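Notes follow once the structure below has been shown.
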Amino acid sequence: MARILITSALPYINGVKHLGNLAGSQLPADVYARYCRAAGHEVLFICATDEHGTPAELAAIEAGQTVAEYCAEQHDIQKNVGAGFSLSFDWFGRSSNEPNRRLTQHFADVLEDNGLIDERSSKQVYSVDDKRFLPDRYVEGTCPNCRFEKARGDQCDNCGTLLDPIQLINPYSSVSGSRNVEIRDTRHLYLLQTKMQDQVRAFVDARAKDWPQLTTSIAYKWLDEGLIDRSITRDLSWGVPVTRNGKPRPGFENKVFYVWFDAPIEYIGSTVEWAEATGGNWERWWRTDKGADDVTYVEFMGKDNVAFHTVSFPVTILGSKEPWKLVDKLKAFNWLNWYGGKFSTSQKRGVFMDKALELLPGDYWRWYLTANAPESSDTAFTWEHFKSTVNSDLNDVLGNFVNRITKYAAAKFDSKVPEGGKPGEHEAWMANELATRLPALIAHYEAMEFRKAAAETRAIWAAGNEYITKAAPWTAYKTSVDQAAVGIRTGLNLVALFGVIAQPIIPDTATKILEALGVPEGNRSLAASKLVAGDAMLDALPRGMTIAVPPQLFTKIEDAHVVDWTQRFGGG
RNA sequence: GGUGGGAUAGCUCAGCUGGUUAGAGCGCAGGACUCAUAAUCCUGAGGUCCCCGGUUCGAUUCCGGGUCCCACUACCA
């Protein structure tokens, strides 16, 4: 039994995430966590909301709330929406909670003790009317290069030039539109990443063989270009206060740590929250000197996050010179697009997690988003594709199979697992299919190839339909009830097996199936050793046991739905 | 501009350390079955594997060049 620590990239607090976010981090992390648990591993699956930063403050202002109220409310919303998708986090924390404050301040202290933090002065744009310093992107003005009048402070959208906000002509605040802005000197803490360059490269070198190319190429790109010293504090009030050895740091009373510094630390902080709430031992997962040396740590994220997880966060960890667990495997995803374009809130294009659950149960989305996960490249979502995938895979191939077998067992065999007959060539064919397909399925999960895992799962379900067509117990029944009994007994065992292998991707449906068949918790394992195909696997349910016909598992998506949803959510 | 990824059947995607007829699902056409949610099963049609060169006995696969799409490019996350 292995010990596996799994984290999903932290969803930002400013509103419910869309399906692309779900598909690229939280969902595959959950599928993997569920697979690992079913395979018998000890799993700790951690996530949290990322709550600091200017966007959170602005969103709170817009909502007419304090930022603390806003974050508390949005955290609960995101937590509930995640539960609606059956995301099985062991803990879903908050980066604004106390453990993360303590840890963030601790890391800053030890980094400074190790000579990796400098206090430097820089020039920032201050908006007098907004009473706040403005992040680069919230300053707009005329581009000094092309004279475009709505260039952002970080980059001109018209000519693409990278800018420093103090270069802008006639700058104004994009928050309020006020032109009453000025450039002020402000002091900040800088993390001396330049000093950590070699150590981080050695770390990446050591891990590169376990990382996909998408991950390593991004990491090496940053290293090859050379790390720069980064400011890790901001002139804001909402965030982790800047302290030094437990006391407010002089001159930093109105500053907080930068969100990108504290957010990844919340992976640890959220684990501490879990420990405090459950009595668990968090150090056993994070401190290699306290039992975490045998932990495999797996991170899930969209590709935009890779640099921060392969380079920036390791700088923090390695720079502390303390025995913290570092990432072992990193699974990065491309983007889910909407009809080939972007998800867009403002243009009402795309579906957000809460709205998706109003249309259909979580399993429908989980299946589609896993079977079409953007693993190797960006993937397009369309309602038509969604409809055909759900209808065919879930309703026709799986749902109908479960229904046809259990109903026949109820009608002809008194709802019992039939006893008679002996397996023959068709059962041998089925056992042989499983003997090749089940190991392939396990291999795909181990490799975190979720798209292929879904395809193999479906192929196994389809093989069940093929088997029952060959065995044709309804025909056999006319001449030999025993012959029919073999087919239905095998079919019922397949139903149970199909439920077992469905657990990682469509857990709610899997549970319905397994409950109807009376499969006890202990017999739902996905461990390779428990999936040895053969006659025994096709005769595992106790003969004579009473089974139930499960409620209809899925409902088909109709053309009318597609028309309706296209109107409501855009697309087409 | 830089870096990386992608371009394969009508659609969404596999695959190819170079080797006889390039695969899956959906969609489409025909057939079978009738236990089941008009579900299932079988068969078939359908591809200049982006373009141009090169290496090779042989290239969808390797190399060079080109075209198009996408992401990242360090303080928005």
Side-chain angles (χ1 to χ4, degrees), chain A residues 9-14 21 50 52-56 58 122 124 135-138 152-155 160-162 165 188 193 212-218 220-222 224-225 227-234 258-261 263 302-308 311-312 332 334-335 337 340 342 371-382 384-385 387-389 391-393 395-397 399-412 449 451-452 454-456 458-459 462 464-477 484 487-488 491 549 552-556:
Chain A
L10 308 186
Y12 196 65
I13 194 67
N14 65 341
N21 296 109
D50 175 12
H52 295 139
T54 306
L58 297 179
S122 66
Q124 298 278 317
D136 292 358
R137 68 169 311 200
Y138 289 111
R152 293 200 322 263
D154 54 348
Q155 182 171 20
T161 305
L162 296 175
H188 283 295
Q193 300 195 118
Q213 193 189 6
L214 179 65
T215 302
T216 52
S217 65
I218 292 172
Y220 279 122
K221 174 183 176 273
W222 278 40
D224 291 345
E225 289 182 356
L227 300 183
I228 61 171
D229 297 337
R230 304 179 70 200
S231 157
I232 58 164
T233 53
R234 288 292 181 278
Y258 175 46
V259 60
W260 259 119
F261 183 68
K303 57 188 168 186
D304 56 330
N305 261 323
V306 171
F308 296 98
V311 177
S312 303
N334 291 281
W335 294 132
N337 286 323
K342 304 270 188 203
N372 298 288
E375 285 180 310
S376 60
S377 63
D378 294 351
T379 301
F381 177 97
T382 66
E384 293 77 9
H385 193 215
K387 167 178 175 279
S388 68
T389 300
N391 287 356
S392 173
D393 297 352
N395 189 79
D396 298 349
V397 176
N400 181 56
F401 182 81
V402 172
N403 187 254
R404 69 196 297 203
I405 299 292
T406 53
K407 272 197 174 166
Y408 196 84
K412 302 290 189 183
E449 297 263 18
R451 222 179 154 114
K452 290 178 182 172
E456 195 61 52
R458 183 197 190 279
N465 280 304
E466 191 175 340
Y467 160 76
I468 208 67
T469 299
K470 291 178 198 283
W474 47 88
T475 302
Y477 193 86
I488 293 304
V549 178
Q552 181 165 327
L553 298 174
F554 303 101
T555 309
K556 280 206 177 196

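Here is how names work: the chains are called A, B, and so on, in the same order as the sequence lines, proteins then strands, and each is numbered from 1. Quick caveat, the model's predicted, so the values are computed rather than measured.
Side-chain proximity of W260(A) to the nucleotides rC26(B), rA74(B), rA77(B) is greatest for rA77(B). Set against rA77(B), rA74(B), rU37(B), the side chain of N403(A) has rU37(B) as its closest nucleotide. Residue R404(A) has its side chain nearest to rC35(B) when only rC76(B), rC35(B), rG15(B) are considered. You'll find that the side chain of Y12(A) is closest to rA77(B), out of rA74(B), rC42(B), rA77(B).
Stacking between Y408(A) and the base of rC35(B) is absent under the criterion of ring centres within 5.5 Å and planes under 30 degrees.
In this structure, the CZ atom of R451(A) is 14 Å from the P atom of rG6(B), given to the nearest Å. As rounded to whole Å, 16 Å separates atom P of rA39(B) from atom CH2 of W474(A).
Between the side chain of N395(A) and the base of rU37(B), a donor-acceptor pair under 3.5 Å is found.
No side-chain heavy atom of P374(A) sits under 4.5 Å from any side-chain heavy atom of F381(A). Using a 4.5 Å heavy-atom threshold, the side chains of R230(A) and S312(A) count as touching.
rG4(B) and rA9(B) have their C1' atoms separated by 28 Å, with the value rounded to a whole Å.
OP1 or OP2 of rU37(B) sits under 4.0 Å from a side-chain N or O of K407(A).
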